[in-house]
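Letters go in sequence order (proteins before strands), and every chain restarts at 1. Only this structure's heavy atoms are used, side chains among them; waters, hydrogens and symmetry mates stay out.
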Amino acid sequence: MKLIIAYVKPFKLEDVKLALRGLGVSGMSVGEIRGFGRQSGQTEVYRGAEYQVEFVPKSRLEVVVDDDLAEPAVEAIQGAARTGEIGDGKVIVVTVDDVLRIRTGERGGDAL
Amino acid sequence: MKLIIAYVKPFKLEDVKLALRGLGVSGMSVGEIRGFGRQSGQTEVYRGAEYQVEFVPKSRLEVVVDDDLAEPAVEAIQGAARTGEIGDGKVIVVTVDDVLRIRTGERGGDAL
Amino acid sequence: MKLIIAYVKPFKLEDVKLALRGLGVSGMSVGEIRGFGRQSGQTEVYRGAEYQVEFVPKSRLEVVVDDDLAEPAVEAIQGAARTGEIGDGKVIVVTVDDVLRIRTGERGGDAL
Amino acid sequence: MSAGDVAWVLTASALVLFMTPGLALFYGGMVRSKNVLNMLMKNFFTISIVTVVWVLFGYTLAFGTDAAGVVGGLDHLGLRDVEGEALLFMVFQMMFAIITPALISGAVAERMRFGAWVLFTTLWAALVYPLVAHWGFHPEGFLFAWGVRDFAGGLVVHINAGVAALAVVFVLGPRRGFGREAIRPHSLPLTLLGTGILWLGWFGFNAGSALAADGVAVNAFVTTQIGASLAALGWVTAEWRRTGKPTTLGAASGAVAGLVAITPGAGFVTPLAAMVIGLAAGVLCFWAVSLKFRLGYDDSLDVVGVHLVGGVVGSVLLGVLASSEVNAGVTDGLLFGGSAFFLKQVVAVVVVMAFSFVASYLLARVVEATIGLRASEREEIEGLDITLHEERAYVVGE
Amino acid sequence: MSAGDVAWVLTASALVLFMTPGLALFYGGMVRSKNVLNMLMKNFFTISIVTVVWVLFGYTLAFGTDAAGVVGGLDHLGLRDVEGEALLFMVFQMMFAIITPALISGAVAERMRFGAWVLFTTLWAALVYPLVAHWGFHPEGFLFAWGVRDFAGGLVVHINAGVAALAVVFVLGPRRGFGREAIRPHSLPLTLLGTGILWLGWFGFNAGSALAADGVAVNAFVTTQIGASLAALGWVTAEWRRTGKPTTLGAASGAVAGLVAITPGAGFVTPLAAMVIGLAAGVLCFWAVSLKFRLGYDDSLDVVGVHLVGGVVGSVLLGVLASSEVNAGVTDGLLFGGSAFFLKQVVAVVVVMAFSFVASYLLARVVEATIGLRASEREEIEGLDITLHEERAYVVGE
Amino acid sequence: MSAGDVAWVLTASALVLFMTPGLALFYGGMVRSKNVLNMLMKNFFTISIVTVVWVLFGYTLAFGTDAAGVVGGLDHLGLRDVEGEALLFMVFQMMFAIITPALISGAVAERMRFGAWVLFTTLWAALVYPLVAHWGFHPEGFLFAWGVRDFAGGLVVHINAGVAALAVVFVLGPRRGFGREAIRPHSLPLTLLGTGILWLGWFGFNAGSALAADGVAVNAFVTTQIGASLAALGWVTAEWRRTGKPTTLGAASGAVAGLVAITPGAGFVTPLAAMVIGLAAGVLCFWAVSLKFRLGYDDSLDVVGVHLVGGVVGSVLLGVLASSEVNAGVTDGLLFGGSAFFLKQVVAVVVVMAFSFVASYLLARVVEATIGLRASEREEIEGLDITLHEERAYVVGE
Ligand SMILES: Nc1ncnc2c1ncn2[C@@H]1O[C@H](COP(=O)(O)OP(=O)(O)O)[C@@H](O)[C@H]1O
Ligand SMILES: Nc1ncnc2c1ncn2[C@@H]1O[C@H](COP(=O)(O)OP(=O)(O)O)[C@@H](O)[C@H]1O
Ligand SMILES: Nc1ncnc2c1ncn2[C@@H]1O[C@H](COP(=O)(O)OP(=O)(O)O)[C@@H](O)[C@H]1O
């Protein structure tokens with residue numbers, strides 16, 4: 001199994017979720033992070049002076065999928081999160097040793 | 001070494017912590033996430049109309065342990081976080097290449 | 001490629017960022033977590049009684065780097081985040097199967 | 001006026017001014033966190049805009065020497081010859097002229113540009129409000145002269161603003177996602193705080209409209225308290241029965257609906273009549289705020305459902321419950337045989353709604369045609385605070 | 001009453017009404033974020049409930065023609081024959097009848113069901129408050145007639161509410177985790193805001209109780225300011241010495257404790273005496289709020305420690321420091337040789353405590369036996385806002 | 001004084017007291033979340049400190065029998081023989097004595113220790129404020145006697161506090177990171193709420209300074225409303241032109257700048273003159289707040305840019321626009337041929353600035369030399385709330 005971590009533009013999260021659902025992905029976990037990268041942060045004004053916020057708010061989603069679903073999921077995420085502008089984000093794939101569903105104790109694929 | 005990631009119901013976090021302490025796990029890191037899955041979110045009312053929040057707030061904990069402690073830790077988490085209801089959450093195990101304690105520069109098991 | 005996860009004291013984040021930039025690391029993702037470990041939390045007063053907060057707020061950063069940059073990055077983080085006091089935090093290294101840049105679809109090193 | 005009367009009207013004026021920041025918080029809590037500053041700013045800046053307009057010519061258009069019952073003359077341009085008691089009356093009325101357009105900001109929340117708001121408010125405060133104020137408040141305004149009564153602004157303030165809100169919303173269109181996703185208040189405590197401030201200020205609004213510290217002021221004070229309380233009770237009870245849950249937003253909205261509904265009659269009806277008006281307003285406005293979903297217009301923070309509907313309920317029920325015993329300045333309502341007065345109230349409601357709707361609709365079109373009304377899609381998605389004001393409401397962890 | 005007196009009592013009434021939203025924020029900031037809306041709602045809704053009860057029969061039970069010194073007659077049922085100055089007095093007193101039960105909400109925070117609160121408050125406002133108000137405020141109430149004095153509600157409001165809070169807490173039981181984990185305020189800025197509003201409103205509460213804009217009002221105004229300031233000073237100094245840290249919650253609680261303690265004597269003692277009362281209240285209440293941990297009752301937001309203890313301190317010290325020179329309406333206190341008056345004050349404190357405790361305890365039992373008092377474990381864990389009101393106080397990042 | 005006058009001054013006193021919590025929120029919203037409680041605490045505790053100082057000897061030093069035009073005698077030590085109207089005047093003036101040092105807290109935000117603040121404020125309230133108040137407000141104070149006029153505290157309150165802020169900042173030094181990183185407000189809604197409260201309170205501040213409910217009070221009320229509105233308009237317009245963005249912080253700061261600037265002349269100038277003063281203050285203060293970055297002193301929340309500059313603008317423009325027609329108590333300004341009066345106003349500004357700067361600088365040095373002024377680096381980094389008060393402003397998710 002694979003753990004897919006993706007940083008996406010917050011307003012794209014909705015689309016990404018739908019795309020993953022489309023693949024039959026049952027669930028996911030989402031947090032907020034401050035992203036640093038090529039995309040420059042928002043300009044803000046304070047006391048008549050403009051300055052740039054260093055980071056960009058991004059949504060960070062984690063989804064565990066079976067190996068065969070990994071590639072389709074990555075592509076689904078890209079398709080849904082893409083705007084073509086700098087700052088669209090990254091998708092990271094990591095191998096998972098094991099997954100367990102707390103409620104039932106099921107392991108591996110059954111836990112998803 | 002293993003990195004264990006678990007999504008649990010927030011009010012179970014306390015018990016999970018105690019269970020891990022019981023195993024001699026020295027520390028952990030906890031964040032908040034929005035969980036999407038089988039469990040349906042809370043109902044809210046707005047202007048006389050009821051609707052369901054799509055996500056469920058969950059606590060996400062990360063704990064790094066030595067290989068031999070991994071399985072016991074996973075079981076401890078399950079035991080402590082389980083309510084038997086949908087939405088109890090998942091436990092994910094990932095292999096760690098290396099760990100370092102910033103203060104001392106210790107590596108591997110000593111870093112924990 | 002490697003995914004480096006580090007828990008550091010929030011006020012050290014700035015230095016860590018600069019250190020990584022120094023290595024030519026193009027970006028990173030930062031979140032806030034509650035840290036449990038040896039370092040004891042802040043004392044607070046409520047109604048004339050003092051008590052200790054169990055956790056310590058920490059910054060959690062994630063950075064993906066090419067294999068050859070992993071070790072230098074880990075050392076850079078340690079160098080920048082170290083105060084020598086308990087609670088300086090940990091650095092965790094995990095192997096990444098693949099990375100993708102959403103905007104361009106580039107994979108692997110090019111995606112960074 | 002005795003020093004006591006002056007003391008009370010000064011106090012009342014201060015309390016009414018305080019209502020606009022209160023309204024800003026009431027509305028600000030109901031929008032999403034990315035738009036709260038824009039909401040606050042629209043209200044605070046309206047104070048500045050209307051103060052200037054009112055001083056320069058708004059006051060004289062409303063309260064200058066009457067011309068054909070329609071508008072005031074220019075004799076008080078730039079406050080010429082406005083001194084002493086007249087100056088006090090001018091500033092008390094100024095506070096009404098300020099909050100009326102401010103009320104509209106709730107309907108256009110989260111999508112109307114700030115610049116467009118500034119232009120629209122300036123025009124509205126200059127061309128619409130003074131006329132309606134003249135008709136309803138000036139002794140020779142055609143509605144007042146005809147016998148219509150509006151103690152503290154049911155017609156002039158609430159119906160006027162409520163129907164204007166509806167007109168602007170038609171031009172502006174709904175927020176992205178309206179109807180599909182639930183757009184939730186980002187801070188109900190802020191909204192409750194605003195409610196408390198509005199309730200406080202409304203005592204100045206209604207009891208101050210007696211322009212004296214006398215029995216009429218006391219009666220208006222008491223009916224105001226009763227109207228607000230009963231409407232909150234009515235609204236919460238209604239929603240409790242429908243959804244099984246009493247909500248804080250319901251309690252807050254109900255209180256405001258009651259304050260709106262008692263405004264036209266505060267000095268003209270008995271405390272017990274105020275119970276009826278409050279209860280009716282609470283139940284009817286609760287029902288009214290659900291209309292927008294069914295009819296599909298995005299009156300974002302329910303200016304129509306609360307101020308227009310509440311104002312109509314109050315103005316019409318005044319036609320029923322007005323008592324010349326409470327106040328010799330009004331003729332008896334339907335209940336006491338005054339069918340004529342009742343009809344006049346209904347006609348007045350229709351007249352003000354018609355005029356204000358058309359005028360506001362045209363002004364909105366003018367603004368749209370000139371500088372544009374609506375924020376871009378990107379601005380709306382990222383939020384008006386950061387895109388239009390380059391500020392962030394909340395910065396934590398620094 | 002001159003127009004000046006009416007102006008002041010109208011202003012004071014508005015300020016006292018504003019205290020209840022202020023109290024809502026003061027309490028709301030002290031609870032956890034999952035329960036803040038429930039806290040606000042309990043307070044706001046209490047305004048509605050008590051307004052109805054007071055208008056219908058509460059007022060006449062308290063201030064109707066005296067029956068045996070115990071209760072008022074039904075001559076003013078539904079405000080019959082309550083006009084002019086009497087109407088003004090009615091609404092000023094209404095605000096006291098509202099905030100008194102609202103004070104209790106702080107003790108039962110985070111676990112009492114909303115429905116149970118509604119029922120309890122209705123019963124309490126109908127059966128307990130009017131009686132105590134009659135005894136302490138009505139010229140023929142047995143305590144007042146006997147010579148006991150309570151300028152603005154030390155007995156009638158604060159001791160009454162404080163002891164009722166204790167009684168209800170006994171029936172309700174502690175919050176989960178009370179004593180084990182520290183249950184921290186979720187927003188101290190909200191609490192400080194509430195403190196500011198309470199302080200403002202208290203000028204109306206105390207100086208308004210003179211029912212005139214005269215020297216007594218001025219004296220009450222000054223002693224109120226001094227009492228609050230000295231108590232904040234005393235509380236913060238005491239905790240600074242004990243814990244080494246001065247806290248904002250301490251400053252806020254101290255100020256309120258001082259306002260409570262000066263309430264019974266505001267119009268009866270000199271400014272310097274007010275310094276003594278304030279200082280004593282600050283130090284003693286700081287000590288008192290720690291009792292709940294030792295004795296193990298969960299008076300969640302310290303209604304007992306602040307209002308009961310503060311009220312007792314103030315009422316008893318009034319027995320010591322009352323000066324007939326300041327106000328001919330009171331007899332000299334112990335310090336000036338008035339031992340009789342001192343004893344009467346002590347007796348009055350005991351009487352009110354005994355009655356209010358028993359009555360409140362019984363009412364709480366009745367509610368428990370009928371619809372139940374307490375939220376379920378799940379509701380308490382997940383929070384009353386989402387489970388009882390299906391609302392969330394703060395929604396960020398949308 | 002008639003009951004009406006008493007009613008108004010009581011109301012005004014309550015409103016002015018409310019300004020200090022308002023200021024606490026205004027400032028509290030502008031600091032980082034780790035320092036907000038310290039900011040609130042400094043303001044609230046100042047109320048306690050100054051109340052004690054003022055009652056014991058501050059009042060008599062300011063308003064006791066004049067000695068050589070420089071200071072008041074000790075005849076009213078501990079409020080001896082201060083009764084009735086004098087007692088009312090005492091408490092109204094007390095509120096001014098409270099908010100003046102509180103204003104300074106904005107300049108030293110986020111780095112001055114709480115203990116140091118307590119000591120400094122005590123000394124300043126005892127030694128600096130009473131003198132300046134005597135000079136400007138006491139009939140025999142040398143400035144007043146010479147013909148200088150300061151209606152409600154442009155010199156005594158704002159210039160005095162603003163220049164003191166500058167002096168303390170010189171001793172204290174800048175915050176870590178000042179100039180390098182942008183230190184952003186953590187909650188602008190809190191700041192806007194504070195602005196609303198300040199605006200409300202300012203009606204008491206200025207119109208209350210007439211000490212009667214008369215025409216002068218009305219004029220002051222109107223000019224206050226106009227000054228605030230125009231300055232907000234001026235500030236926002238200026239920044240809109242410079243940065244292309246109108247900000248809520250700009251609107252809030254502009255309103256306060258206008259309230260400051262109109263303070264010295266509120267009862268002495270016409271409404272139209274108030275427009276000029278407000279507009280000038282808005283534009284000039286907007287320009288002034290950018291100075292600190294260029295000159296490198298860390299006046300954290302712009303006490304100098306808003307209160308000092310605004311106070312100077314208002315006091316000097318009063319020298320130009322004062323009209324004896326508006327108020328017989330003032331001589332005509334430059335515009336009406338009163339060059340003498342203009343010069344006196346300028347001299348008074350210089351005198352107060354010189355004295356207050358030197359005195360405040362010395363007091364700051366004394367505190368630094370004794371208990372130390374500044375928080376440690378660790379305290380500053382981790383935040384003053386948790387390190388000095390062991391409290392956290394916001395605790396979410398519990
Ligand atoms: N090396 C990295 N490690 C972890 N996260 C990264 C890294 N580089 C970028 N990110 C994340 O991806 C987001 C987008 O990257 P950015 O360089 O701004 O644009 P793009 O995705 O178009 O290359 C950043 O805001 C950050 O959250
Ligand atoms: N495929 C997944 N990847 C990542 N997180 C998941 C995934 N499926 C579920 N989760 C997390 O686990 C939580 C519980 O899952 P859910 O399906 O609701 O109930 P259960 O754990 O009983 O199967 C979700 O709220 C979400 O945070
Ligand atoms: N086993 C662990 N797994 C995950 N995170 C950990 C673990 N141990 C410590 N941490 C994180 O590292 C932080 C610092 O650890 P701590 O034991 O307090 O001090 P030190 O880093 O000096 O050993 C903790 O606050 C926690 O966030």
* Rounded to the nearest 0.5 Å, what's the gap from OG1 on C:Thr83 to CG on C:Asp15? Could you check? => 11.5 Å

* Structure fact -> Checked B:Ser29, B:Ala111, B:Gly27, B:Gly31 vs chain C; the most non-hydrogen pairs under 4.5 Å come from B:Ser29

* **Pairwise distance CD(C:Glu62) to CZ(C:Arg60) - rounded to 0.5 angstrom** => 4.0 Å

* Structure fact -> Which of C:Gln78, C:Lys9, C:Arg82 passes side chain to side chain donor-acceptor pair (under 3.5 Å) with C:Asp88? Answer is C:Lys9

* To do: Counting only heavy atoms closer than 4.5 Å, note whether B:Val96 contacts chain C via side chain, backbone, both or neither.
  => both

* **Top contributor to chain C interface from B:Leu112, B:Leu3, B:Val25 [non-hydrogen pairs under 4.5 Å]** => B:Leu112

* What's the verdict on side chain to side chain donor-acceptor pair (under 3.5 Å) for C:Lys2 and C:Thr95, showing C-alpha distance, side-chain angles and the deciding distance? -> CA-CA 5 Å; C:Lys2 303 292 182 186; C:Thr95 298; 2.8 Å; yes

* **Best-contacting candidate, B:Leu100, B:Leu61, B:Val64, against chain C by heavy atom pairs under 4.5 angstrom** => B:Leu100

* Under 4.5 Å from any heavy atom of chain B - which part of C:Gln39 -> neither

* Part of C:Ile5 within contact of chain B (heavy atom distance under 4.5 Å) -> side chain

* Among B:Thr104, B:Val30, B:Val99, which residue forms the greatest number of heavy-atom pairs with chain C at distances under 4.5 Å? -> B:Val30

* To do: Determine, for B:Arg107 against C:Glu71, whether the closest basic-nitrogen to carboxylate-oxygen distance falls under 4.0 angstrom.
  => yes

* With a 4.5 angstrom heavy-atom cut-off, could you sort out which part of B:Glu32 is near chain C: side chain, backbone, both or neither? => side chain

* Measure B:Leu20 against the heavy atoms of chain C and call it side chain, backbone, both or neither at under 4.5 Å. => neither

* Do side-chain atoms of C:Asp67 reach the backbone of C:Met1 as a donor and acceptor pair under 3.5 angstrom? -> yes

* To do: Give a yes or no on whether a salt bridge exists between C:Glu54 and B:Arg21, defined as a side-chain N under 4.0 angstrom from a carboxylate O.
  => yes

